[in-house]
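Throughout, a chain's letter reflects where its sequence line sits, starting with A, and its residues are numbered from 1.
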There are 2 protein chains.
Amino acid sequence: MNWQSITFDWNQARAFLVTAEEGTLSAAARALGLTQPTLSRQVAALEQALGVTLFERVAKSLVLTEAGLELVEHVRTMGDAASRVSLSASGQSQQIEGLVTISATDLMAAHVLPDILAELRQKAPGVEIRLLCTNSLSDLRRREADIAVRHVQPDHPDLYARKIREAPARIFGARSFVEGHGRKLTRADAPTLDFIGFDNNEELVVYLRAFGLDVSEANIRLSSPNGVVAWELVRQGFGLSIMADEIAARFPGIVPAFEDVDPITFPIWLVTHRELHTSRRIRTVFDHLAEGLLRVRPERRAR
Amino acid sequence: MNWQSITFDWNQARAFLVTAEEGTLSAAARALGLTQPTLSRQVAALEQALGVTLFERVAKSLVLTEAGLELVEHVRTMGDAASRVSLSASGQSQQIEGLVTISATDLMAAHVLPDILAELRQKAPGVEIRLLCTNSLSDLRRREADIAVRHVQPDHPDLYARKIREAPARIFGARSFVEGHGRKLTRADAPTLDFIGFDNNEELVVYLRAFGLDVSEANIRLSSPNGVVAWELVRQGFGLSIMADEIAARFPGIVPAFEDVDPITFPIWLVTHRELHTSRRIRTVFDHLAEGLLRVRPERRAR
DNA sequence: GCCAATTCATGCGTATATGTATATCACTCA
DNA sequence: TGAGTGATATACATATACGCATGAATTGGC
């Protein structure tokens, strides 16, 4: 191998890659946790080292030259390989200290995970946990999270998934809302009731119909993509919402809405990279989450 | 894209790659033009950053751990991409200043190229030339040279080749040697004469037989893989050798050996990377070499 | 069996690169 | 038109990383 040809500064190549992808030096600096002057100098130094003008300094932002356009392809290959280096290294790492990022819905993050993670803090004090609230499945494969708590079965072969259990869910509302009608609510009342929406109202209607409720999107007059906010609206009596029993049980003012509606169940999956599952740190957190999520059960038996 | 996962130091990755490939930190340092302590620290820092032990410090040299063995695969991909970055950048570079490495046989380098390159120095003062003497064809693809002067047609699709011309060659010897027999030499004398060998005597015998000479390896009692040295032996009257007319013509004491042996011809090819041919600097040198090599002709018409 | 030659790791002075602060410019919105 | 936002490039102080020198340890050769 001829090493002479790779003696240019690889960190400058990284600076170039991120700048090209992000579009501006400032954005690249933010993404890399460096400062804009540093990126500016690194890109300029790479241009000088390679003898190629990579960016056309036009007006506000930078635009790739033809040469830069061709070079960024190869640098992107470097970046992809670097990503695999990082992934594989995380998987190989046998040290327990360090950061683990967990992706979960905001409701899980706010109401279910804290207790479980508090125990983990005792068991593994060196582990630092970051809770990422997102409903996207791709954050694992984009390596924005190490472990994800999901409610659908992932099918990508790179992912390792374990089904924890099925969890019951039903429709809940504030006691004031549910009992404010002077009589027990039944599914026949559904068309006239307000429901709180989350992210996707269409999808929510489908779920509600699965309960046997005759509702449409017209029944959703208040919604928030933030689940914790939406749940707060429920608590304050603005409407009804589907909720996992075990979460609803944590709120004394919350009661099941309908007399005659059976709970449905949804799965809880724990997912990680196949490669990351060999890491001692990831494994520790994964196993603790699995055990903790299995143990969480509604504290009261409804009905 | 998630840039968080590639924020480890890429230069440390490069240090790891070269160290893994070269086997020792010292060799890697020499290859990269850095010092051994620097490589030592970079590798150690990468191990800490990734949380993985890459090398087992056993006795004298380093041995890759299992984790390191897996990681080096990905880092090698980075290196390959880096190599393409460098190659493409050289090709894209439109600046004329800089280094161009020319690979040629030592005889070409010593006796034909200097005059041509002296002219180039006038035409393009900013170009720095490094003459690499090697008979291997692969130095272009391994990117050890930018331009090669070759005598066989390259067939690799990545290479751009231009045939300059056919050049005549015949068998020469020192005047003292050739005329010392008291009569003109003919091909019938060949079996009793000494020939100076180069690199591969078997191959040389094949060439000599192509001249119609009945010789074997027994006729080669003195040889040197260094063509300039071998030629010096010819000049000092130790034996005969095949030589390009245009080179032999530069030496007054050298005469064609045989009355009745016709010259053969061999091709002169100029070769470069297909990508490098778009570089202004490479192009300048390539075109100048092509013109210069076409112009060089024997100063005397033999026979 | 010992000396020479390499190897890797560490301390120290210096050179390099980074961050902070600032200047300049372009675009947006009032 | 004029203030505000967000972009890049430069000046300066500082923190980081590098090279040199050295030491410890092992291998290979005579």
Side-chain angles (χ1 to χ4, degrees), chain A residues 3-4 6-65 67-69 71-72 75 82, chain B residues 1 3-4 6-65 67-69 71-72 75 78 82:
Chain A
W3 306 114
Q4 204 61 38
I6 59 168
T7 50
F8 63 92
D9 192 304
W10 284 19
N11 286 331
Q12 292 173 2
R14 182 186 58 187
F16 167 51
L17 169 63
V18 180
T19 303
E21 300 281 2
E22 293 288 329
T24 70
L25 292 170
S26 305
R30 284 191 294 270
L32 285 172
L34 299 173
T35 61
Q36 171 266 322
T38 298
L39 271 286
S40 175
R41 281 184 291 246
Q42 287 192 348
V43 170
L46 185 67
E47 285 183 318
Q48 185 155 18
L50 298 180
V52 170
T53 302
L54 299 169
F55 291 106
E56 209 66 61
R57 268 76 170 177
V58 57
K60 191 166 109 176
S61 67
L62 310 177
V63 61
L64 276 171
T65 62
L69 211 57
L71 284 182
V72 80
V75 180
Chain B
M1 184 65 183
W3 306 115
Q4 205 61 38
I6 59 169
T7 50
F8 63 91
D9 191 305
W10 285 19
N11 286 330
Q12 292 172 3
R14 183 186 58 188
F16 167 52
L17 169 62
V18 180
T19 303
E21 299 281 2
E22 293 288 329
T24 70
L25 290 170
S26 305
R30 284 189 294 270
L32 286 172
L34 299 173
T35 60
Q36 171 267 321
T38 298
L39 271 286
S40 176
R41 281 184 288 246
Q42 287 192 348
V43 171
L46 185 67
E47 285 183 318
Q48 185 155 16
L50 297 180
V52 170
T53 302
L54 298 169
F55 291 107
E56 209 65 60
R57 267 77 170 176
V58 56
K60 191 167 113 178
S61 67
L62 309 179
V63 178
L64 276 171
T65 62
L69 209 58
L71 284 182
V72 80
V75 179
M78 286 186 76

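Listed by first and then second residue, the side-chain hydrogen bond (donor to acceptor under 3.5 Å, both in side chains) pairs that reach into residues 13-22 of chain A are A:Glu21-A:Arg76, A:Glu22-B:Trp3, sequence neighbours excluded. Pairs passing the salt bridge (charged side-chain N to carboxylate O under 4.0 Å, His left out) check and including a residue from residues 30-39 of chain B, sequence neighbours excluded, do not occur. Sorted by first and then second residue, the pairs that involve residues 13-37 of chain B and meet ring-ring contact (aromatic ring centres under 6.0 Å, His included), not counting sequence neighbours, are B:Phe16-B:Phe55. Residue pairs that meet the ring-ring contact (aromatic ring centres under 6.0 Å, His included) test with at least one member in residues 22-46 of chain B, sequence neighbours left out, do not exist here.
Across D:dC18, C:dT18, D:dT8, the shortest atom-to-atom separation from the side chain of A:Leu62 is found for D:dT8.
Regarding B:Glu22, its CD atom lies at a distance of 15 Å from the C1' atom of C:dT7, rounded to whole Å. Remark: P of D:dA7 and CZ of A:Phe55 are 14 Å apart, rounded to the nearest angstrom. Following rounding to the nearest Å, B:Arg41 (CZ) and D:dG19 (C1') show an atom-to-atom distance of 8 Å. Between the CD atom of B:Gln42 and the C1' atom of D:dT16 there is a distance of 13 Å, given to the nearest Å. Between the C1' atom of C:dG19 and the CG atom of A:Leu25 lies a distance of 16 Å, rounded to the nearest Å.
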Give every donor-acceptor pair under 3.5 Å between a side-chain atom in residues 31-38 of chain A and any protein atom, sequence neighbours left out.
from: A:Thr35; atom 1: OG1; to: A:Thr38; atom 2: OG1; distance (Å): 3.0

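Of the residues in residues 26-40 of chain B, those lying under 4.0 Å from DNA chain C by heavy-atom distance are B:Ser26, B:Arg30, B:Gln36, B:Pro37, B:Ser40. Shown for residues 46-54 of chain B: no residue has heavy atoms falling under 4.0 angstrom of DNA chain D.
Here A:Glu47 pairs with A:Arg57 under the salt bridge (Lys or Arg N to Asp or Glu O under 4.0 Å) rule; sequence neighbours left out. Shown here are the side-chain contact (heavy atoms from CB on, under 4.5 Å) partners of A:Ala82, two or more places apart in sequence or in another chain: B:Ile6, B:Phe8, B:Trp10, B:Met78. Scored by the side-chain contact (heavy atoms from CB on, under 4.5 Å) test, A:Gln48 finds no partners at all (sequence neighbours excluded).
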(message) With side-chain contact (heavy atoms from CB on, under 4.5 Å) as the criterion, how do A:Asn11 and B:Asp9 come out once you've worked through the C-alpha distance, each side chain's angles and the decisive distance to 0.1 Å?
(response) CA-CA 7 Å; A:Asn11 286 331; B:Asp9 191 305; 3.0 Å; yes
(request) Using Watson-Crick or G-U wobble pairs with both distances under 3.5 Å, give me DNA chain C in dot-bracket, 5' to 3', with [ ] for crossers and | for pairs to another strand. (result) ||||||||||||||||||||||||||||||
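For D:dA17, neither phosphate oxygen OP1 nor OP2 lies less than 4.0 angstrom from any side-chain nitrogen or oxygen of B:Gln12.
Atom-to-atom distance recorded for B:Leu69:CG and B:Leu54:CG is 11.0 Å, nearest 0.5 angstrom. Put simply, CG on B:Leu71 and CG on B:Leu17 are 12.0 Å apart, with the number rounded to the nearest 0.5 Å.
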